[in-house]
There are 2 protein chains.
Amino acid sequence: MIHMNILEAMKALSNQTRLSILQNLREPEKHFPPQDEGDVTIDGVCVGSIQEGIGMSQSTTSTYLASLQRAGLVTSKRMGGWTYYKRNEANIQKLIELLSKEL
Amino acid sequence: MIHMNILEAMKALSNQTRLSILQNLREPEKHFPPQDEGDVTIDGVCVGSIQEGIGMSQSTTSTYLASLQRAGLVTSKRMGGWTYYKRNEANIQKLIELLSKEL
DNA sequence: TCATTATATCTGCATATCTAGAATTGTCAA
DNA sequence: TTGACAATTCTAGATATGCAGATATAATGA
């Protein structure tokens with residue numbers, strides 16, 4: 001597991017849209033349509049579905065997901081032509097613990 | 001207690017200097033000199049001492065403290081000519097709980 | 001190979017944040 | 001009331017972030 005960095009995580013979460021993406025991915029079946037391949041909870045949600053969910057441009061959506069990934073909050077998996085993003089629960093838990101101890 | 005807002009808190013903490021201020025206030029006697037009046041842990045630390053601790057201008061320090069206060073992370077108390085800032089532990093705890101449930 | 005679709009990256013403009021210095025306000029003591 | 005500090009607010013220029021459109025890259029299937 002990557003060593004979580006509080007500041008980087010706070011920066012990634014200091015934007016309403018990025019915060020919502022992470023929160024919506026908590027219950028993906030509730031916020032995103034079924035994916036053509038794979039399970040929305042196990043494999044993740046593709047960029048296009050997330051884009052529809054947040055109502056922003058494709059480039060912005062992709063940039064935001066990359067930002068969340070750099071902060072260690074989500075992981076991505078390429079399957080065919082699609083990239084599926086899901087929460088990195090272990091790191092999110094680690095972040096909460098870090099904040100409990102060091103904030 | 002004010003209802004904590006995750007986004008506002010994340011914005012306040014998305015800056016290294018503001019994050020450090022909050023962290024240094026965890027053990028104020030370790031990071032700041034004794035105050036002329038009052039106890040550093042009970043009453044808080046004055047703006048001038050915090051300014052020295054972070055090495056930024058007086059105006060920037062004051063602005064950052066105001067930002068942390070708006071986010072509910074610190075409280076201030078005026079005593080004579082000085083304003084003493086300390087952590088709002090109840091709200092910080094509330095924030096951690098909010099993040100555990102909603103992040 | 002070529003066309004098509006999904007995603008990522010590049011470019012640029014609008015807006016926000018960072019930060020200091022100057023000016024202002026508040027408090028105390030002479 | 002005036003002078004001396006402490007703190008806040010105002011102003012402004014430098015830097016970063018917010019976003020979209022254009023372009024590039026990847027994968028698929030005809």
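Quantities reported herein were computed from a predicted structural model and do not represent experimental measurements. Residue numbers begin at 1 in each chain, while the letters A, B, ... track the order of the sequences.
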Any sub-3.5 Å donor-acceptor pair from A:K94's side-chain atoms to A:H3's backbone N or O?
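No, because the side chain of A:K94 does not come within donor-acceptor range (under 3.5 Å) of the backbone of A:H3.
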Is a donor on one side and an acceptor on the other found under 3.5 Å between the side chain of B:R18 and the backbone of B:K11?
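Yes: the side chain of B:R18 pairs with the backbone of B:K11.
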From [atom1] of [X] over to [atom2] of [N], roughly how many Å is that when rounded to an integer?
| X | N | atom1 | atom2 | value |
| --- | --- | --- | --- | --- |
| B:Q16 | D:dT15 | CD | C1' | 17 Å |
| A:E37 | C:dT7 | CD | C1' | 15 Å |
| B:L19 | C:dC18 | CG | C1' | 16 Å |
| B:L7 | C:dT17 | CG | C1' | 15 Å |
| A:L68 | D:dT17 | CG | C1' | 15 Å |
| B:K11 | C:dT15 | NZ | C1' | 12 Å |

Just to confirm, is there a sub-4.0 Å distance from OP1 or OP2 of [N] to any side-chain nitrogen or oxygen of [X]?
| X | N | value |
| --- | --- | --- |
| A:Y85 | C:dA8 | yes |
| A:R78 | C:dA6 | no |
| B:N15 | D:dA16 | no |
| A:R18 | D:dT17 | no |

Strand-adjacent residues in residues 46-65 of chain A, judged by heavy atoms under 4.0 Å from DNA chain D
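Residues of residues 46-65 of chain A that come under 4.0 Å of DNA chain D are, in numerical order, A:M56, A:S57, A:S59, A:T60, A:Y64.
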Donor-acceptor pair between B:S20 and B:Q16 side chains, under 3.5 angstrom
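A pair is found: one side chain offers a donor N or O, the other an acceptor, under 3.5 Å apart.
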Classify B:Y84 by what it touches in the nucleic acid, base, sugar-phosphate, or nothing, heavy-atom distance under 4.0 Å.
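Contact class for B:Y84: none.
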Residue pair A:D43 / A:Q35, side-chain heavy-atom distance below 4.5 Å:
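A side-chain contact under 4.5 Å is absent here.
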A:G81 or A:A66: which one's nearest nucleotide on DNA chain C is closer to the 5' end?
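Closest to the 5' end, via its nearest nucleotide, is A:G81.
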Test side-chain contact (heavy atoms from CB on, under 4.5 Å) applied to A:L73 and A:L68, A:I21, A:N88, A:N91, the passing residue
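Between A:L73 and the candidates, side-chain contact (heavy atoms from CB on, under 4.5 Å) is satisfied uniquely by A:L68.
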Determine, stepwise, if the pair B:I6 / A:Q23 fulfils side-chain contact (heavy atoms from CB on, under 4.5 Å).
CA-CA 12 Å; B:I6 291 181; A:Q23 290 175 325; 4.2 Å; yes
